[in-house]
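One structure is given here, and the rest of the page talks about it.
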Amino acid sequence: MGIQKLASLIKKEAPESISAVPPRDYRDRVLAIDASVAIYQFNAAIPTIINRDGEDLSALQGMFYRTVYMLENGIKPVFVLEGPPPALKHRKGNSDGKSTPGHGRRDDLEKMLRYLGVPYIQATGEAEATCAALVKHCLAWGTVTEDMDALPFGSTRLIRNLKANNLGNVEEYNLPKLLKLLKLSPEQFVELCILLGCDYSGKIKGLGIKKALELMQKHGSIERILKTIKKDRIPADFRYQEAKQLFLQPSVVDVSRVQLNWRAPDEENLVQFLSHEKHLNETKIRTKLAKLRAIQQPKEKKTPKKRSAQSSLSDPNNQKQPKMTDFFMAKKKSQKQPQRRAARLTKSGKSMELPVP
DNA sequence: AGCGTCC
DNA sequence: TCGTCTGTCGCAAGACGCT
DNA sequence: TGCGACTGACGAC
């Protein structure tokens, strides 16, 4: 869901903020993956794969191949798992009670990621918000998602269309560039997104892409725009201030406690889990892993232990880079409690981090 | 590149 | 009158590997 | 299932 109209607005009004990037350009970069959107994508993709135990393997299989594809390209993915949504969120259909889709799958995904040597983070709220926080704090280069919400959450880069099968380029949305082209402040941009229609608030009918942008550029805030609009056009559930807060100060993981580590895949456990337990074809899994190993082997002699970030030099593609100032900052100092927990988890597989309220 | 299969 | 919003319809959607 | 393209409807100027 998210803000559907935002993508078309950008394509029409500020296409220069989108660039086509070959996946290889993300080599050695950390990308934050919104796991829930990806899982949903795989579940929605029709050919449902059912194993002999009646389990739907579409998402697990899809995530496996896509993740390996990223690793083959030298990308360092970190998966962000969705937390509980804000109370204000309008969801359609989904009443409380039963199926939290992907709940049983979540354990499977976590297990696979651990064996793959890929870190993941349990978000405290919307996954997009935590992805954006990682990017803002330079723990990740960009957010990989189809959900445009990552932009109003403040992810400086949003990467769409990153798929294993895709031989073409991905779409990279650059937030600073976008703001400049639209002539909006970050706050105004969030308000624009609310006008376009988000999950947290009702919407004023009759305001679409063109009008919303024009009004925001002219008046500078929703508050002032509302004065120019007849009251009967404003719906009762137009709670733009609350929505704004949810975008500007969302519940996110404490990034200073995040430690990201990547390790070589544990092939035997992967085969045990994916093939013997979940009944995915063993030959295919092994072939894929062997290919990945062949790619990784000659390159990296040692997996870098800490030091998650990126070398941001070079690259004529993105000459425009917001400040890389606060760079290492965050980590290094989290040595207390997370350490113990991280160590424990690392033993069995991968690193991760868990917040405490 | 197109198309059938994945379980 | 023109431009923009909104509703409806149709299709393709994920990835692999063999041909 | 949801999205993009096409169309009709509606409001702004």
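Naming: A, B, ... by sequence-line order, numbering from 1 per chain.
The side chain of Gln41(A) approaches dG14(C) more closely than any other nucleotide in the set dC7(B), dC16(C), dG14(C). Here the nucleotide nearest the side chain of Ala45(A), chosen from dG14(C), dC5(C), dC7(B), is dG14(C). Listed candidates were dC6(B), dC16(C), dC5(C). Nearest to the side chain of Pro47(A) is dC6(B). Across dC16(C), dG14(C), dC7(B), the shortest atom-to-atom separation from the side chain of Asn281(A) is found for dC7(B). Between dC6(B), dC5(C), dA15(C), one nucleotide has an atom nearer to the side chain of Ala164(A) than all others, and that is dA15(C). Side chain of Lys205(A), nearest nucleotide from dC6(B), dT6(C), dA13(C): dT6(C). Comparing dC7(B), dA13(C), dC5(C) by their nearest atom to the side chain of Asn51(A) picks out dC7(B).
Atoms CG (Leu213(A)) and P (dT4(C)) sit 11 Å apart, rounded to a whole Å. Going from atom NZ of Lys203(A) over to atom P of dT4(C) covers 15 Å, rounded to whole Å. Distance CG (Leu280(A)) to P (dG17(C)): 13 Å, rounded to an integer number of Å. The interatomic distance linking Ile46(A) (CD1) with dA15(C) (C1') rounds to 15 Å, in whole Å. Met63(A) has its CE atom 14 Å from the C1' atom of dA15(C), to the nearest Å. Here the P atom of nucleotide dA15(C) and the CG atom of Asn161(A) are 10 Å apart, to the nearest Å. Taking atom CD1 of residue Ile285(A) and atom C1' of nucleotide dC16(C), one finds them 11 Å apart after rounding to whole Å. Atom CG in Leu57(A) sits about 16 Å away from atom C1' in dC16(C), given to the nearest Å.
Residue Gln4(A) places at least one side-chain N or O under 4.0 Å from the OP1 or OP2 atom of dC3(D). Of the side-chain N and O atoms in Arg233(A), none sit less than 4.0 angstrom from OP1 or OP2 of dC5(C). Between Tyr40(A) and dG2(D) there is a side-chain polar atom (N or O) within less than 4.0 angstrom of OP1 or OP2. Here Lys163(A) reaches the OP1 or OP2 of dG14(C): one of its side-chain N or O atoms lies under 4.0 Å away. Using a 4.0 Å cut-off, some side-chain N or O of Arg66(A) falls inside it from OP1 or OP2 of dA15(C).
Gln41(A) and Arg66(A) form a side-chain donor-acceptor contact under 3.5 Å, judged by distance and modelled atom types alone. Side chains of Glu171(A) and Tyr173(A): a donor-acceptor N/O pair is present below 3.5 angstrom, by distance only. Between the side chains of Thr143(A) and Glu128(A), not a single donor N or O lies within less than 3.5 Å of an accepting N or O.
Using a 4.0 Å heavy-atom distance criterion, Lys5(A) is classed as a sugar-phosphate-only contact. Gln61(A) comes within 4.0 angstrom of a base, heavy atoms only. Among the atoms of the strands shown, base atoms are found under 4.0 Å from some heavy atom of Asn165(A). At a threshold of 4.0 angstrom between heavy atoms, the contacts of Asp56(A) with the nucleic acid are absent.
With hydrophobic clusters built from ILVMFWY side chains whose heavy atoms lie under 4.5 angstrom apart, Leu9(A) shares a cluster with Ile3(A).
Here the separation of dG7(C) from dC7(B), taken at their C1' atoms, is 39 Å to the nearest Å. Nucleotides dG2(D) and dC16(C) have their P atoms positioned 25 Å apart, rounded to a whole Å. Straight-line distance between the P atoms of dC9(C) and dC6(B): roughly 36 Å, to the nearest whole Å. Comparing dG10(C) with dG4(B), their C1' atoms are spaced 23 Å from each other, to the whole Å.
For the pair Lys288(A) and Glu72(A), the salt-bridge criterion is met [side-chain N within less than 4.0 Å of a carboxylate O].
In DNA chain C, stems built from 3 or more consecutive Watson-Crick or G-U wobble pairs, each with both distances under 3.5 Å, span B:1-6 with C:14-19, C:1-5 with D:8-12, C:7-12 with D:1-6.
Between His279(A) and Glu55(A), the closest side-chain pair of non-hydrogen atoms is not below 4.5 Å.
Of the possible polar contacts, one joining the Ser58(A) side chain to the Ile49(A) backbone as a donor-acceptor pair under 3.5 Å is found. No donor-acceptor pair under 3.5 Å is formed between the side chain of Asn73(A) and the backbone N or O of Ile75(A).
Aromatic ring centres of Tyr200(A) and Phe247(A): separated by under 6.0 Å.
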